Amino acid sequence: MELYPLRFKPILKDRLWGGHKLRDVLGKKFKGTGVGESWELSGVDGDVSLIDNGPYRGKSLKELIQSHPRELLGKPVIDRFGEEFPILIKFIDAQKDLSIQLHPGDELAQERHNSFGKTEMWYVMDADPGAELIIGFKRDMSPEEYQQAMDEKSLPQYLHYEPVAAGDGFFINSGKIHAIGAGILLAEIQQSSDVTYRVYDFDRRDAQGNLRELHTELALDAMDFKKRDDFKIPYAQEKNRENLMVSSPYFKTSYLELDTQTRLSLPHAESFTVLICVGGAAEVVLNSWKIGIQKGETVLIPAAAAEVTVNTSESRFLKVSL
């Protein structure tokens, strides 16, 4: 396999709550408004990313995994996931509040949907004044209390609202009720799953005037009704070194703030590495390959690479591996 940093074509998704920040802040190319998500790196059926640079340009992520599985993913990843790419990287622009939702864990998702569950993390890139996330309940709830709140359409008053600012990180494990509030632009790292249980949508209607489907019954068995304070990610921000944010069974994420040439050690032969640029600009160097990367762009480094060099005077990254 020819080793070089792989860039992919963004997969843009129109959403009822989408806006224009993916274009105006991150440089994604589209006209008008209403684009809510840019899928940067995906192996999800029907939305598989296409390589956009170098000798493999035009090939899909799945094609490259099939032809070079160990070199791209790493043997431990293959042993665990086969030739499925195990994470999904997105940028999300919430011009309006998203629906209140949750995701099932692995066991329930496999049983019901033949899918991975969905544990995810968010890194806030931009937030309007007063912007908030919904994360969990403000007190322990019983299933009966929850059902009564649903019947009375009063669920929002029982939920925890968390003010946010750029640079905040959040870990959303499966089962936790949540929603991204209006005015937030964030990077999302998640298990490779598109299974979502929507439980409350403020009686909004889609473009055809229809109420969107709710998954009330499915959500009951998947929901954590306890109040939790485990969602905000404390992390250091020391320059020119990796600052661990999340170490979970599903992904490991570190924050890097760089202002000089930096050599990054990679989990050689163990896992691929994803670099998500969340600020500034840089050049990523692997062997004889150099690729520019700026805020709002993502590159995949194959597992066969032992290290890369990042040339920069000012940049910020999320570094993700398994």
Side-chain angles (χ1 to χ4, degrees), residues 17 44 80 86-88 90 92 94 97-124 131-164 168-182 184 186-202 212-235 244-253 320 322:
W17 39 262
V44 175
R80 185 175 172 192
I87 61 172
L88 172 59
K90 302 177 182 177
I92 296 177
D97 294 334
L98 271 67
S99 62
I100 297 169
Q101 57 190 242
L102 68 146
H103 310 292
D106 287 340
E107 185 175 345
L108 201 55
Q110 182 64 39
E111 177 186 323
R112 289 178 173 174
H113 312 287
N114 192 30
S115 169
F116 296 127
K118 187 173 175 182
T119 288
E120 60 194 336
M121 71 163 285
W122 298 330
Y123 175 85
V124 178
E132 296 178 312
L133 298 170
I134 289 174
I135 310 181
F137 293 102
K138 63 173 60 174
R139 65 170 176 83
D140 289 355
M141 295 281 285
S142 69
E144 293 75 23
E145 288 175 314
Y146 168 80
Q147 189 61 59
Q148 182 177 347
M150 291 292 292
D151 293 341
E152 296 172 351
K153 298 188 177 182
S154 61
L155 179 64
Q157 74 184 56
Y158 297 98
L159 303 176
H160 171 76
Y161 291 77
E162 179 76 12
V164 300
D168 287 346
F170 298 92
F171 185 74
I172 313 296
N173 52 289
S174 61
K176 185 178 265 89
I177 197 167
H178 63 272
I180 302 171
I184 296 174
L186 56 78
E188 179 176 279
I189 300 156
Q190 59 161 93
Q191 289 178 266
S192 183
S193 169
D194 203 28
V195 179
T196 294
Y197 295 158
R198 184 186 300 123
V199 299
Y200 197 90
D201 198 34
F202 311 98
R212 296 200 295 173
E213 182 184 7
L214 300 180
H215 309 98
T216 307
E217 295 301 321
L218 288 173
L220 286 173
D221 290 340
M223 187 175 298
D224 181 357
F225 292 99
K226 298 290 186 181
K227 177 184 183 296
R228 308 283 185 186
D229 297 313
D230 58 354
F231 47 81
K232 190 150 188 194
I233 301 170
Y235 69 100
L244 183 65
M245 296 183 74
V246 169
S247 181
S248 78
Y250 307 109
F251 50 80
K252 298 179 178 68
T253 303
V320 185
L322 258 64

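Just so it is clear, the model here is predicted, and its values are computed rather than measured.
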Ring pair (Phe, Tyr, Trp, His ring centres under 6.0 Å) between Y197 and H113, worked out: CA-CA 12 Å; Y197 295 158; H113 312 287; 5.8 Å; yes
Can you name the nearest heavy-atom pair linking [X] to [Y], along with the distance?
X: L108; Y: A222; value: CD2-CB, 3.7 Å
X: Y235; Y: G169; value: CE2-N, 4.5 Å
X: A131; Y: I184; value: CB-CG1, 3.7 Å
X: T119; Y: F251; value: O-CE2, 3.7 Å
X: I180; Y: L133; value: CA-CD2, 3.8 Å
X: G181; Y: A94; value: O-CB, 3.5 Å

R212 with D201: basic N within carboxylate O range, under 4.0 Å: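 Looking at D201 together with R212, the answer is yes, because their closest N to O distance falls below 4.0 Å.
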Carboxylate-amine/guanidinium proximity below 4.0 Å for E145 and R139: yes
Using distance only, find each side-chain donor-acceptor pair of residues 152-160 under 3.5 Å and give its atom names and separation, not counting sequence neighbours.
from	atom 1	to	atom 2	distance (Å)
E152	OE2	Q148	NE2	3.0
K153	NZ	D203	OD2	3.3
H160	NE2	E162	OE1	2.8

Residue pair S193, Q191: steps toward the side-chain hydrogen bond (donor to acceptor under 3.5 Å, both in side chains) verdict: CA-CA 6 Å; S193 169; Q191 289 178 266; over 6 Å; no
Identified side-chain contact (heavy atoms from CB on, under 4.5 Å) partner of V199 from the options T216, L102, L218: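 Exactly one pass, corresponding to L102.
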From CA spacing to verdict: side-chain contact (heavy atoms from CB on, under 4.5 Å), I189, E120: CA-CA 6 Å; I189 300 156; E120 60 194 336; over 6 Å; no
Distance-only donor-acceptor check, side chains D106 and Y250, under 3.5 Å: yes
Under 3.5 Å side-chain donor-acceptor pair for Q110 and N114: yes
Do [X] and [Y] make a side-chain contact, defined as non-hydrogen atoms from C-beta onward lying under 4.5 Å apart?
X: K176; Y: R228; answer: yes
X: H178; Y: I134; answer: no
X: H103; Y: F116; answer: no
X: E188; Y: W122; answer: yes

Step-by-step side-chain contact (heavy atoms from CB on, under 4.5 Å) determination, L220 to F225: CA-CA 9 Å; L220 286 173; F225 292 99; 4.3 Å; yes
